[in-house]
Amino acid sequence: MVRVPPLSEPKRLDVFLVDAALVPTRSQAKLLIDAGRARVDDRVEKAGHLVRGGESIEVDPLPARPDLPEPEDLPLRILYEDEHVAAIDKPAGMVVHPAPGAWRGTVVNALLHRGLVGAPATNALSERPGIVHRLDRETSGVLIVARTATAHRALSEAFKSRTVKKVYQAIVLGTPRRAEATLRWNIGRHPRERKRMSIRAHTGREAITRYTVTESFLGIAHLRVEPETGRTHQIRVHLAAMGHPVLGDALYGGRGGRALPARGPAKEFTRHALHASEITFPHPMTGRSLSIAAPLAPDMTALLERLRENEIAGEATSGRRC
């Protein structure tokens with residue numbers, strides 16, 4: 001623990017950590033702060049928090065980072081596999097590749113164990129072998145994997161040229177006024193909160209999302225969503241900006257780090273309700289179109305079934321009262 005000495009003027013927390021030689025660089029200071037491992041008077045603060053003198057600062061080092069990801073025997077459902085490409089059904093809660101706070105237990109660790117990607121030492125992208133696109137930790141569904149360097153280059157180019165088509169299913173708060181629409185708001189890094197993306201960013205990039213309402217309930221709607229571009233958190237940002245955030249999304253549909261409340265069965269949903277249901281792309285070797293689908297995740301399926309049952313029960317009760 002370190003006591004902040006008297007300061008002539010307030011100093012950012014990340015800057016103070018470097019100046020006090022508690023960490024070597026501001027980037028490492030930010031990693032510690034974002035991971036909640038740098039506390040001011042036993043409180044977790046942001047990197048921009050101003051220290052003024054007299055505070056107690058405690059810093060816990062990050063867990064040791066492995067040199068390379070290691071194979072791990074983790075549950076992994078394979079949707080498609082050939083010698084060039086594979087597709088998996090990523091469960092919600094699983095990180096795609098090793099990163100601070102999640103060096104183990106990732107999709108990459110599972111792929112290595114299954115032999116679906118080469119050993120990291122022989123792969124140019126040593127921390128994320130085979131990964132050409134990502135899904136957020138809480139997002140479930142289909143994820144394609146390149147098994148060779150040639151396939152990796154071809155698939156990366158396909159994503160860049162927008163020849164990859166993706167379909168998601170989302171459960172959102174409220175029902176959009178229009179049954180279908182195309183959302184066109186540029187997306188970039190939030191001007192103040194670096195973990196968030198925003199349509200109000202100073203240097204946003206083009207982002208296009210199409211949606212169709214497939215079902216609606218009391219205060220909840222089920223959407224088919226097709227992003228035409230691939231910006232970070234694009235679907236979540238666009239739906240929240242429209243006024244209908246993804247159910248359970250604490251980052252874009254929440255207050256104080258908590259998701260906005262929902263009614264009925266939806267109150268018990270514990271993650272953001274977003275599922276990558278289908279992806280269509282040119283095969284990296286043959287160029288032929290390949291479509292792969294992942295069945296809706298069990299938790300989202302169960303929620304929709306309960307919402308339908310409540311809807312039917314409500315209609316029956318209303319009928320008896322007439």
Side-chain angles (χ1 to χ4, degrees), residues 77 79 89-96 134-143 165-183 185 187 196-197 199 207-228 230-279 292-315:
R77 183 182 180 192
L79 299 171
D89 188 358
K90 187 189 89 66
M94 193 176 201
V95 176
V96 171
R134 293 181 295 173
L135 296 177
D136 295 334
R137 183 176 198 150
E138 292 185 17
T139 302
S140 55
V142 61
L143 182 83
K165 306 301 180 185
K166 294 175 284 185
V167 177
Y168 288 76
Q169 294 191 56
I171 300 174
V172 303
L173 293 178
T175 299
R177 184 171 52 186
R178 298 174 63 182
E180 57 183 64
T182 298
L183 308 177
W185 289 304
I187 290 177
R196 291 164 54 98
M197 306 301 287
I199 64 170
I208 304 170
T209 305
R210 290 185 287 122
Y211 77 84
T212 303
V213 177
T214 58
E215 294 179 278
S216 60
F217 309 94
L218 181 61
I220 296 287
H222 178 202
L223 273 55
R224 172 189 171 97
V225 185
E226 299 174 67
E228 293 186 13
R231 308 303 173 211
T232 301
H233 300 172
Q234 176 175 317
I235 293 174
R236 297 163 61 196
V237 172
H238 271 179
L239 294 181
M242 182 176 63
H244 299 284
V246 174
L247 171 68
D249 191 343
L251 187 60
Y252 294 107
R255 292 179 182 146
R258 299 181 60 133
L260 291 173
R263 304 179 190 178
K267 289 192 299 184
E268 303 169 10
F269 205 78
T270 58
R271 63 158 173 124
H272 64 237
L274 186 62
H275 177 82
S277 58
E278 186 177 343
I279 190 165
I292 301 171
L296 188 61
D299 57 352
M300 289 179 66
T301 298
L303 174 57
L304 289 173
E305 289 176 350
R306 291 187 63 188
L307 290 168
R308 292 173 190 132
E309 290 170 358
N310 283 10
E311 198 86 354
I312 292 171
E315 290 174 358

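What you see is a predicted model; the values in this text were computed from it and never measured.
Between Glu215 atom CD and Ile220 atom CD1 the span is 12.0 Å, to the nearest 0.5 Å. Here the NE2 atom belonging to His222 is positioned 10.5 Å from the CG atom belonging to Leu307, to the nearest 0.5 angstrom. How far CD1 of Ile171 is from CG of Asp249: 13.0 Å, rounded to the nearest 0.5 Å. To the nearest 0.5 Å, atom CG of residue Leu239 and atom CG of residue Leu274 are 8.0 Å apart. Between the CD atom of Glu278 and the CG atom of Leu79 there is a distance of 11.5 Å, given to the nearest 0.5 Å. The distance from the OG1 atom of Thr212 to the CG atom of Leu223 is 7.5 Å, given to the nearest 0.5 Å.
Listed here is the closest heavy atom pair of Pro245 and Gly253: CB-CA, 3.6 Å. Residues Val96 and Leu143 come closest through the heavy atom pair CG1-CD2, 4.2 Å. Between Gly141 and Leu135, the shortest heavy-atom distance links the atoms O-CD1, 3.7 Å. Of all the heavy atoms in Ser140 and Ala297, the pair that sits closest is OG-CB, 3.5 Å. Leu173 and Ala262 make their closest contact through CD2-CB, 3.8 Å (heavy atoms, listed as atom of the first residue, atom of the second, distance).
Annotation: salt bridge (Lys or Arg N to Asp or Glu O under 4.0 Å) contacts involving residues 296-305, sequence neighbours excluded, comprise Arg271-Asp299.
For the pair Tyr211 and Met242, the minimum side-chain heavy-atom distance is below 4.5 Å. Considering only heavy atoms from C-beta on, Ser277 stays 4.5 Å or farther from Leu296 through its side chain. Contact check for His272 versus Asp136: side-chain heavy atoms found under the 4.5 Å cut-off. A 4.5 Å side-chain heavy-atom check between Thr182 and Ile208 finds at least one atom pair inside the cut-off.
Residues Glu268 and Arg306 are paired through a salt bridge, judged by an N-O separation under 4.0 Å between the basic side chain and the carboxylate.
The side-chain hydrogen bond (donor to acceptor under 3.5 Å, both in side chains) test applied to Thr209 returns Gln234, His238, not counting sequence neighbours. Residues meeting the salt bridge (Lys or Arg N to Asp or Glu O under 4.0 Å) test with Arg210, sequence neighbours left out: Glu226, Glu228.
By the 6.0 Å contact criterion, CZ on Arg196 is enclosed, its count of non-hydrogen atoms from other residues, nucleotides or ligands being greater than 12.
The backbone N or O of Val225 lies less than 3.5 Å from no partner atom in the side chain of Lys166, so there is not a single donor-acceptor pair. Side-chain N or O atoms of His275 include one that pairs as donor or acceptor with a backbone N or O of Pro295 at under 3.5 Å.
No option in Met197, Arg236, Glu138 other than Arg236 meets the side chain to side chain contact (heavy atoms under 4.5 Å, CB included) test with Leu251.
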